[in-house]
Each structure stands twice: as structure tokens, then as C-alpha cells.
Amino acid sequence: MMTLERFRALAASYGADLRRWPQDEVDQARELLAGSEQARGLLEEEGVLDAAIERAERAPAGGEAAALGRLRSALAARIAEPRGWRIGWLGFVASGAVAIAAGVFVGAMYDKPPQKVTVLNLLLVDEYE
Amino acid sequence: MRRADRPYASATDATLAGWSAKGDRRAFDEIVIRHGPFALRVAARLIPDARAAEDVVQEALVRAWSRAKHFDESRARFTTWLYRIVVNLCIDHKRRFQPDPMPEDFDPADPAASAVERLEVVESDAVLVRELAKLPPRQRAAMTLIYDEGLSGAEAAQILGLSAKAVERLLARARAFLRERYAVMARSQK
């Protein structure tokens, strides 16, 4: 059974609307409420403050859709593909290009006739002369 | 699945976050459509300057976009993850631009006194709006999340990075302050 003190603490935090109260304590709170005039009085007091807060919190109607529209436009202009993702694609393209260039180079080397004068040739010539 | 074929409207938040992390701007726009209104409402309540509030929301969502790859569905619900970014930025902003807030540890002078006597219904909503703006950022955030957005204490605690007990104390202090101010208003109108 919930104590009146606990009930008072919860009412002082969450107000009179039991839907806001911690779910695991609501049933006990209802039990106490059914049998305690003091508990009912507490909720009535908190209800007065709830109503005042609710009136003060009431947002002016109509502005939300326009604000969301502005937000979406601003974000569309500001967000780009994440850096890591972009670099990943750039890396993929760059490594592909390097591989192609290397292939062309190696292919060209094999197609060419051996050079007449190479360092090795020169060394061999020196040795046998 | 090609991007053009993605079912954005029916995808879960976590799926949209995954697509966003891979650079899908349309997926992120769907997230903004779903959760932008919450972010705007919370910011508007924490930051009285409407333009500044929208700027903070924009900044928060840009952060969410760039950090989408860090979202881990196994650790938190997407809304908790996103709302935490939004609420924390709002709190930071409010702290920077609210020069003289009420102290976080404010306690009521006489919590046991009869509130019925003190809480006469008066039409002083504008004054109470001003008093709400004086609340310390975390108290204001806790009130907004639970009272206005209907989140549970546990959900609000996760977003604020606090225990449920700590959130309960924030709410109690906020209400005590408002009760006190409201009673002063009521007395001055008699």
C-alpha cells in the first residue's frame, strides 16, 4: 500500500494527471485515492496548478507546419553526404584509376622491343671488353 | 535495394537512420518529417526566441545526420538517441543565454501549506509564461518532455541522461517554484 507521503511526493512531481505517474505505482496510488480524502485533496490542489501551467504552455496554433517547412529547406541545403562515405567512393574511384594506369604501363613495357642500351648491357660490355 | 525503390514512409526509424548513415538524404528528410515537430516544440518551450529555437533544432539535426552512423539500435531507441541530441543542445543554449536562472536546488518555502488557499485561479497566464522561462534548463526540459510531450519519467530520464529519481526531483522543484510564483500572483491580485 502506498503511503500518503509517497503519494504527496508523486503528486508534487507529476501533478494531478495519473497518466504521467510512474506506471508501476499508479495502481497503488489509485487504491490510496479511493480510500483517502487527504489524497483526493492533494490531487485537487495539484490540479489547480496543472491547469495554470497548461494555459501558460498552450502554444500558438498554426506556426508548426511553417516552421517544419523552413527546417526541411534549411537542412536540405546544409546536409551533404557524410565525409567518410564520400571519401570511400573517392578512394574506390582513385584506386580503380591507379590500377588501370598500372595495367597500361605494364602492357606498354611488354609491347616495346628491348632497349639497345641498358645499364645492364653497359655493365656487361665493360666486363667483357 | 535501389534508393528509388526504398519504402521511406513505411520504414522504421532505425532503418531510416541506417540509410541516412550511408548518405541517403531522402531517408533523413523522412526522419525530419517524423520528429522535427517534436524537436521544434521542445526547443520553443526551452528557448523563448523563436528564431534561435529553430536554429538550435537545425543544428541538432545536422549533428544527427553526421552522427547517424554511430546510432546503435541495440543500445537505444532511435527517438531516445535523437531527442537526447536535440534536448542537450537546447539545454546548452538556454544555459548560455539565460543570465540569471533560478538555482537548480530551489526548494519551496513551505510545501506543506494549503495550496488551495494559495492557488486561486487567476488570469495571469502571461506572468506564468515568464516564470516558466526562468526555470533552470533541466527542470524546464523535464517538464516539457513529461507534461507537454507525454513521455514517461523513464523515457525523459534516458533523454536527459539522469535517473528516474533525479527527474522526479527536477519536476518537484519546478512545480514548487511555479506554485510559489503563482501564489504570489494570486495574493497580489486580491
Side-chain angles (χ1 to χ4, degrees), chain A residues 4-6 8-17 19-26 38 40-60 63-89, chain B residues 20-23 25 28-29 32-33 36-37 39-41 44-45 50 53-55 57-58 61-62 65-66 68-69 108 111-112 114-116 118-129 131-132 143-144 146-148 150 152-154 164 167-172 174-176 178-179 182:
Chain A
L4 190 61
E5 274 319 295
R6 180 61 185 152
R8 190 193 303 277
L10 288 169
S13 293
Y14 296 99
D17 187 347
R19 287 171 301 184
R20 292 184 197 139
W21 290 34
Q23 279 189 333
D24 54 347
E25 297 190 82
V26 170
Q38 250 184 309
R40 287 194 293 274
L42 274 171
L43 274 205
E44 198 180 315
E45 291 168 11
E46 296 299 340
V48 176
L49 184 59
D50 279 349
I53 293 171
E54 200 178 316
R55 284 199 305 275
E57 292 274 40
R58 205 168 289 148
E64 197 171 272
L68 183 61
R70 284 193 296 276
L71 180 65
R72 289 178 68 197
S73 302
L75 286 169
R78 281 189 68 184
I79 62 175
E81 289 157 354
R83 195 177 169 77
W85 187 84
R86 201 166 58 231
I87 287 173
W89 273 101
Chain B
S20 300
K22 290 178 179 153
R25 281 180 258 194
F28 193 72
D29 186 48
V32 175
I33 291 169
L40 288 165
R41 283 195 305 271
R45 292 204 164 93
E54 283 186 28
D55 286 348
V57 171
Q58 197 188 115
L61 290 172
V62 168
W65 161 258
S66 60
K69 60 178 175 291
S114 165
V116 168
R118 299 187 298 149
L119 298 181
E120 293 193 13
V121 179
V122 288
E123 293 302 318
S124 301
D125 299 347
V127 179
L128 203 58
V129 168
E131 300 304 330
L132 278 164
M143 279 193 73
T144 297
I146 293 173
Y147 291 10
D148 305 320
S152 70
V167 169
E168 202 173 298
R169 284 194 293 272
L170 287 177
L171 291 175
R175 284 182 77 90
L178 294 173
R179 188 181 298 116
Y182 195 63

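Just so it is clear, the values below take in all heavy atoms, side chains as well, and ignore hydrogens, waters and symmetry mates. Letters A, B, ... are given to chains in the order of the sequence lines, protein chains preceding strands, and every chain is numbered from 1.
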## Note on the structure
The reported gap from CD in Glu168(B) to CG in Leu10(A) (rounded to nearest 0.5 angstrom) is 5.0 Å

### Summary
Comparing Gly150(B), Ser152(B), Pro37(B) against chain A, the one with the most heavy-atom pairs below 4.5 Å turns out to be Pro37(B)

### Query
Using 30° and 60° as the class limits, which term best fits the ring planes of Phe28(B) and Trp65(B): parallel, tilted or perpendicular?
perpendicular

#### Entry: Arg45(B) side chain to Tyr147(B) side chain, donor-acceptor N/O pair below 3.5 angstrom
no

### Task
Tell me, for Ala51(A) versus chain B, whether the close heavy atoms (under 4.5 Å) come from the side chain, the backbone, both or neither.
neither

### Message
With a 4.5 angstrom heavy-atom cut-off, is it the side chain or the backbone of Leu40(B) that approaches chain A, or both, or neither?
### Response
side chain

### Task
Please flag which part of Arg70(A) lies under 4.5 Å from any non-hydrogen atom of chain B: side chain, backbone, both or neither.
side chain

### Query
How many angstroms lie between CE in Met143(B) and CZ in Arg175(B), if you round to the nearest 0.5 Å?
7.0 Å

### Heavy-atom proximity to chain B below 4.5 Å, by part of Leu71(A)
side chain

### Query
Rounded to the nearest 0.5 Å, how far does CZ of Arg72(A) lie from CD1 of Ile33(B)?
3.5 Å

### Query
Taking every heavy-atom pair that is under 4.5 Å apart, which of Ala74(A), Ala67(A), Ala76(A), Pro22(A) has the most such pairs with chain B?
Ala67(A)

### Query
Which bit of Leu42(A) comes within less than 4.5 Å of chain B, counting heavy atoms only: side chain, backbone, both or neither?
neither

### Message
Nearest 0.5 Å, please: how far is CG in Asp50(A) from CZ in Arg20(A)?
### Response
4.5 Å

